[in-house]
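To find a chain, count down the sequence lines: A is the first, B the second, and so on, and within it residues start at 1.
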Amino acid sequence: MLKQYIRYQIRKWLPLLLVFVLYATFSTLISGLSLGVARYYGTPNASTYTGEQIVIAMLLPSFSSLFILPFFVYSYRTSKKAVDTFYQAAYADKTIRRTRILIGLGIVLATITVSFWLGTALYGLRYAATPAEQAITSTGSSASTTYILRNYVNFAYMPLAYLVGVLLFSGQYFINCYLVSLGNHLIDQICTVLFGNFILAGIVVMPTLYALSLTWTQLNSDFFRPFFYYGLGPVTPILFLAILVNPLVVGEGPNGLLDGSVPHLAIAISLYVVFAAVLGVLVMKEKDPSGEYAGKAGPRNKAIAFIPHVAGLLTGIAFSCTGLLGIGRVLVIPIFLFAIFGVFYYIALSLWRRNFKLNKLDWICFASVVGFCLVLTVIEMVMSMLRSPLNY
Amino acid sequence: MIEVNGLTKAFGNLKAVDNLSVAFEPGVTGLVGHNGAGKSTLLRCIAGVFEPNEGEAKVNGNLSNTKQAKSDLFFLPDDPFAPMGANIRETFNFYSGLFEFDKEKFNSLVKTFGLPNNKAVRTFSKGMKRQLFVALALSAKADNLLLDEAFDGLDPMVVDVIKGEIIECASQNKTIVVSSHNILALERLADRFVVLNKGQVAKQGSQEDIGVEFVKYQAAFKFKANEQNIADLGYEVVSFRSVGSVSHFVIYETPGALEHIKEKLDPLFIEQVPFEPDEVLTLEMMAAKKKEGGENA
């Protein structure tokens, strides 16, 4: 029976696979043929990235497959009718969900595989067809000339980059599946995916940033930049991959990874993959919520009501660490930013609730978040004054 | 065989099924009750769709949320799921991935009902959809079938055909529970009835057993009679209705009641009349309500 279900599900989602693969092919062809191969501004060291465009070509197909497929996976939970059927099946609930998650993952990986290797092939062909040091285009006004730099391109590392890409895309897919699994209604699920990545990232990054902003006068932004990518959801793997492909492909292979901010990137990627793996285990092992919650808010997604407050808290913490941005040294700016934050928080909350009259719980949460962030801001300002009192 | 022991299912503060215990033996059992009595919730708890708050349901001795129990059961909800754009064959293929069916029987039933093979199921009329899913349920290989509002939206001819199929199915030692808010729909089908009211079993037994404690009288009095006249004689009146000069009233059966009323109220005529089949259920509900009202007072 299960085999029959898998066969049925694959047949059912085959058009989805075809749409994404065709979209990936089309998008990669357009980007692969239209983007420049390399830009050279006089000296080889000053040339910009080259291999990145393979990854850029993957942006739209990978984003759409990562964003859309989790909704298909969990569609059986959003309708009362579907729940009546699926939940009574003998191998409900984990087996059905796992089957759907894995078929969805297959479609995501097929999409990025087509994109990645087609992009690589296109790039390779253009690379091979262009003599070294030969100008491809020249614009009179900007006087910039495009060159191909043969000695910087190392295709041998593409399989490695692809494998890292598979980990990253699979990771983001599981993160999105986890977020979608929190809701039993499509609107709730979309909200959790849109805000959830930001919140998950914020839970990890913002408190760390705040703690460090109190102790470090000059933070190395290179260290933190990759962590900020966590919050971008389906775009995160592309950003990581784009930065990774450059030193691997156009740099000096693994040696290039040891330079500059790349070790930070490797740490960020590793943590990201571990974090995604934990959520992946959760979505594979979790138990479906009882059938009465189909299509409506359930016990698990009561948490959704608190999403704007968590987002508000994280944004508030970000505003509280203005010292990080070097603008907290002027007293008026944090206060101004804080007021702006409060107003936007209230407006966002009202829009979310579709009512400017908030309920008691919302007001309590609002006041708690604003009060907490106010305390953080004051601490931040005092610490800044102690560090460099002359600025005040 | 399905057993339910002390099952409670609440939605917030509302207990849809309240500490309910019942057993469904092989054969056809009619599960009746007014809208909101807890029939569908009970069936969903047995099918493992809802998790009960308390108590348990067992299918062939296995807890309802286990693989063994689910393999032995097929639940047809009041509004079943059909995959988007699927025709009859595709719908059958989808369900075959989740449950075991007798394909030949399914095809023969579809042929009997004359359902169109190439149209999308979602474009079917309510009755056609019902016929398709009843055909699917009756061709399921499971030993236990739960049919929620199986005859809803069907014309009498089709209902008769389906009743015949259900009886044939039950003859293979299957346990079939058919729920309905209309006891009349289950006439000549169910061997046994379970009446639900407010999530509890109000009554159970054969159709004759249900309502046996009530007696219905038809009478004409020399004066304009009302409920109070009967109540004043010491009888608990379940229902009282007057049409013109003729009054119909139902009381709890009491030996000698007819003679006592004749003696005290001197009616022009009075006789005991039989209940309409669906009236019994209504009476059970009214009696339960009156009892509650009395307790609250």
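Counting non-hydrogen atoms of neighbouring residues, nucleotides and ligands closer than 6.0 angstrom, the CG atom of B/N118 reaches no more than 12 such neighbours. Within 6.0 Å of CZ on A/F72 lie no more than 12 heavy atoms contributed by other residues, nucleotides or ligands. By the neighbour-count criterion of 12 heavy atoms within 6.0 Å, atom CD of B/E104 is sparsely surrounded, having that number or fewer from other residues, nucleotides or ligands.
At distances below 3.5 Å, not a single donor-acceptor pair connects side-chain atoms of B/S71 with backbone N or O atoms of A/A90. Side-chain N or O atoms of B/K70 include one that pairs as donor or acceptor with a backbone N or O of A/Y87 at under 3.5 Å.
For chain A, the nearby part of B/E90 is the backbone; its heavy atoms alone come within less than 4.5 Å. The contact between A/K12 and chain B is made entirely by side chain atoms (from C-beta outward), counting heavy-atom distances below 4.5 Å. At a 4.5 Å heavy-atom cutoff, A/I6 makes no contact with chain B through either its backbone or its side chain.
Interatomic distance, A/K80 NZ to B/D79 CG, rounded to the nearest 0.5 Å: 7.0 Å. Residue B/D78 holds its CG atom at 10.0 Å from NZ of A/K81, rounded to the nearest 0.5 Å. To the nearest 0.5 Å, the span separating CG on B/L76 from CD on A/Q88 amounts to 8.5 Å.
Between B/F50 and A/E292, the shortest heavy-atom distance links the atoms CE2-N, 3.2 Å. Heavy atoms only, all atoms of each residue included: A/Q4 and B/S96 are closest at NE2-CB, 3.2 Å. What you find for A/R11 and B/N93 is that their closest heavy atoms are NH2-ND2, 4.4 Å.
Two rings, from A/F86 and B/F94, have their centers less than 6.0 Å apart.
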Is there a side-chain contact (heavy atoms from CB on, under 4.5 Å) between B/L98 and A/I96 once you walk through the steps? CA-CA 9 Å; B/L98 301 172; A/I96 288 175; 3.8 Å; yes

Evaluate the criterion side-chain contact (heavy atoms from CB on, under 4.5 Å) for residue pair B/M84 and A/S75; output intermediate values, then yes/no. CA-CA 12 Å; B/M84 200 179 282; A/S75 61; over 6 Å; no

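In summary, the side chains of B/Y95 and A/T85 do present a donor paired with an acceptor at a separation below 3.5 Å, with no hydrogens or angles considered.
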